[in-house]
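Remarks on the structure that follows.
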Amino acid sequence: MTSRIVVIPTRRAHSNHAEVARSIGVDIIAGRYAEGTRLPGDAEMIAMFGVSRPVLRESVKTLVAKGLLTTKARVGTVVRERGAWNMFDADVLAWHLDAGIDKRFLNDLAEIRLAVEPRAAALAAMHRSDEDVAELRRCMDRMRLEASDSVGFADADLALHVGVARASGNLFMRSIGHVIEAALRASFLLSAPVESEDRDTVLLWHQKIVDAIAAGDVDAASEAMVYVIHNGMRRHEDAVIETAPAEPLSSAKSGERS
């Protein structure tokens, strides 16, 4: 059975070449250009987007650097296999949200979180500062004040997880936390604990993370984080995700030249 897809709108690019790269990237991720497919020629793409040749070439260079495209002499520009895509690139993640995320994407996200965040929580319990703990408690206060299905609740939840990564003292974990920020926010919005019992559970176990880190309890911090991630996965399974169409490439901005 095919997973249902939900589109999470993200911020639009601020330059012509970035917007063209985003539009092509979304179409690749949405499957409009399959792996191994050759993109249309320069003349057709220039006419499609209404941009100059240098802008188009800069867009292609961006997509090559992110692993979505490759350029071959006498062949042209070709879509690469999904395994080559840089999923830790912030733009690539954002384009997945634009194209529509499904159960597989959410499960993959949960698995990378399980590989990283429990260890981050354990390290935070070892290395946290007073300011780290104060920030985590402020995040908990915000979560309690916000409605469960609000953006404010999701942002506070995200801030707590990023705060744990920061408190770990590990620069790599901090970087991973920031890179997957957009996808985490989407995940939290989709798994919002709308039922009062679910909300109580979410708040309880996030508080357990904070309390364990404050107490320097390495095992309890790690175990509480594992529970929180698994609980989120359960809510993903229960969520009703309505299908929404991804924006077609042809709707990208046109008539803007540089």
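Side-chain heavy atoms closer than 4.5 Å link hydrophobic residues (I, L, V, M, F, W, Y) into clusters, and following such links, even through other members, never connects V194 to L145. If you chain together hydrophobic residues whose side chains sit under 4.5 Å apart, V116 and F88 fall into the same group. Residues V78 and V64 do not share a hydrophobic cluster, clusters being chains of Ile/Leu/Val/Met/Phe/Trp/Tyr side chains in contact below 4.5 Å. When hydrophobic clusters are built by joining Ile, Leu, Val, Met, Phe, Trp and Tyr residues whose side-chain heavy atoms come closer than 4.5 Å, directly or via intermediates, V228 is grouped together with L114. Hydrophobic clustering (ILVMFWY, side-chain heavy atoms < 4.5 Å, transitive): V133 and M143 are in distinct clusters.
Using a cut-off of 4.0 Å between Lys/Arg side-chain N and Asp/Glu carboxylate O, D132 and R166 are scored as not salt-bridged. Ion pairing of R234 with D198 is present here, as a side-chain N (NZ or NE/NH1/NH2) and a carboxylate O approach within less than 4.0 Å. D108 and R104 are joined by a salt bridge, as a carboxylate oxygen and a charged side-chain nitrogen come within less than 4.0 angstrom of each other. Salt-bridge formation is not detected for the pair R235/E195: no Lys NZ or Arg NE/NH1/NH2 atom is positioned less than 4.0 Å from an Asp or Glu carboxylate oxygen.
Counting only distance, with no hydrogens or angles, the side chain of R128 and the backbone of I213 share a donor-acceptor pair below 3.5 Å. Without hydrogens or angle criteria, T37 side chain to Y33 main chain gives no donor-acceptor distance under 3.5 Å. A donor-acceptor distance shorter than 3.5 angstrom exists from the side chain of R38 to the backbone of V75, with no hydrogens or angles considered. Formation of a donor-acceptor pair under 3.5 Å by the S222 side chain with backbone atoms of D219 is not found in this model.
Of all non-hydrogen atoms in A122 and A221, the two that sit nearest each other are N-CB, 4.4 Å. Scanning both residues, A220 and D217, for their nearest heavy atoms gives N-OD1, 3.1 Å. Nearest heavy-atom pair across L136 and G163 is CD2-C, 3.8 Å. R82 and I28 get closest at one heavy-atom pair: NH2-O, 4.4 Å. Smallest separation of non-hydrogen atoms from A159 and R142: CB-NH1, 3.9 Å. The shortest heavy-atom contact between A212 and A125 is O-CB, 4.1 Å.
Side-chain contact between L123 and M126: present, with at least one pair of heavy atoms (C-beta onward) separated by less than 4.5 Å. Here the side chains of F105 and M87 are in contact, with some heavy-atom distance below 4.5 Å. Contact check for H17 versus V51: no side-chain heavy atoms found under the 4.5 Å cut-off. Using a 4.5 Å cut-off on side-chain heavy atoms (C-beta onward), L63 and W95 make contact. No side-chain heavy atom of E146 sits under 4.5 Å from any side-chain heavy atom of D155. Side-chain contact check for L68 versus V79: every heavy-atom pair is 4.5 Å or farther apart. Two residues are said to be in side-chain contact when any heavy atoms from C-beta on lie closer than 4.5 Å; I112 and E117 fail this criterion. Proximity of S175 to F172: side-chain heavy atoms (C-beta onward) are nowhere separated by under 4.5 Å.
Between atom CG of residue D157 and atom CG of residue L203 there is a gap of 9.0 Å, rounded to the nearest 0.5 Å. Remark: R113 CZ to M225 CE distance equals 7.5 Å, nearest 0.5 Å. To the nearest 0.5 angstrom, D42 atom CG is 5.5 Å from R57 atom CZ. Taking CG of D27 as the start and CG of D98 as the end, the distance is 11.0 Å to the nearest 0.5 Å. Separating the CZ atom in F49 from the OG atom in S59 is a distance of 7.5 Å, to the nearest 0.5 Å. The line from CG of L93 to CG of N86 is 8.5 Å long, rounded to the nearest 0.5 Å.
Using modelled atom types and a 3.5 Å distance limit, the side chains of T70 and R80 yield no donor-acceptor pair.
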(message) side chain to side chain contact (heavy atoms under 4.5 Å, CB included) for I24 and M45? Distances and angles first, verdict last.
(response) CA-CA 10 Å; I24 298 172; M45 298 286 275; 3.4 Å; yes

(request) Quick one: do L160 and V210 satisfy side chain to side chain contact (heavy atoms under 4.5 Å, CB included)? Show the steps, please. (result) CA-CA 9 Å; L160 189 148; V210 175; 3.9 Å; yes

(request) List the steps, then state whether side chain to side chain contact (heavy atoms under 4.5 Å, CB included) holds for L158 with F188. (result) CA-CA 8 Å; L158 170 65; F188 296 154; 3.8 Å; yes

(request) Please lay out, stage by stage, how D91 and R22 fare under the test salt bridge (charged side-chain N to carboxylate O under 4.0 Å, His left out). (result) CA-CA 8 Å; D91 286 335; R22 186 201 72 82; over 6 Å; no

(request) Verify side-chain hydrogen bond (donor to acceptor under 3.5 Å, both in side chains) between R144 and Q207, making sure each step is shown before the conclusion. (result) CA-CA 11 Å; R144 290 192 176 91; Q207 187 65 59; 2.7 Å; yes

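Annotation: E131, atom CD; neighbour count of heavy atoms from other residues, nucleotides and ligands within 6.0 Å is above 12.
Ring geometry for H206 against H161 counts as perpendicular: the plane angle is over 60°, on a 0 to 90° scale with 30° as the lower cut.
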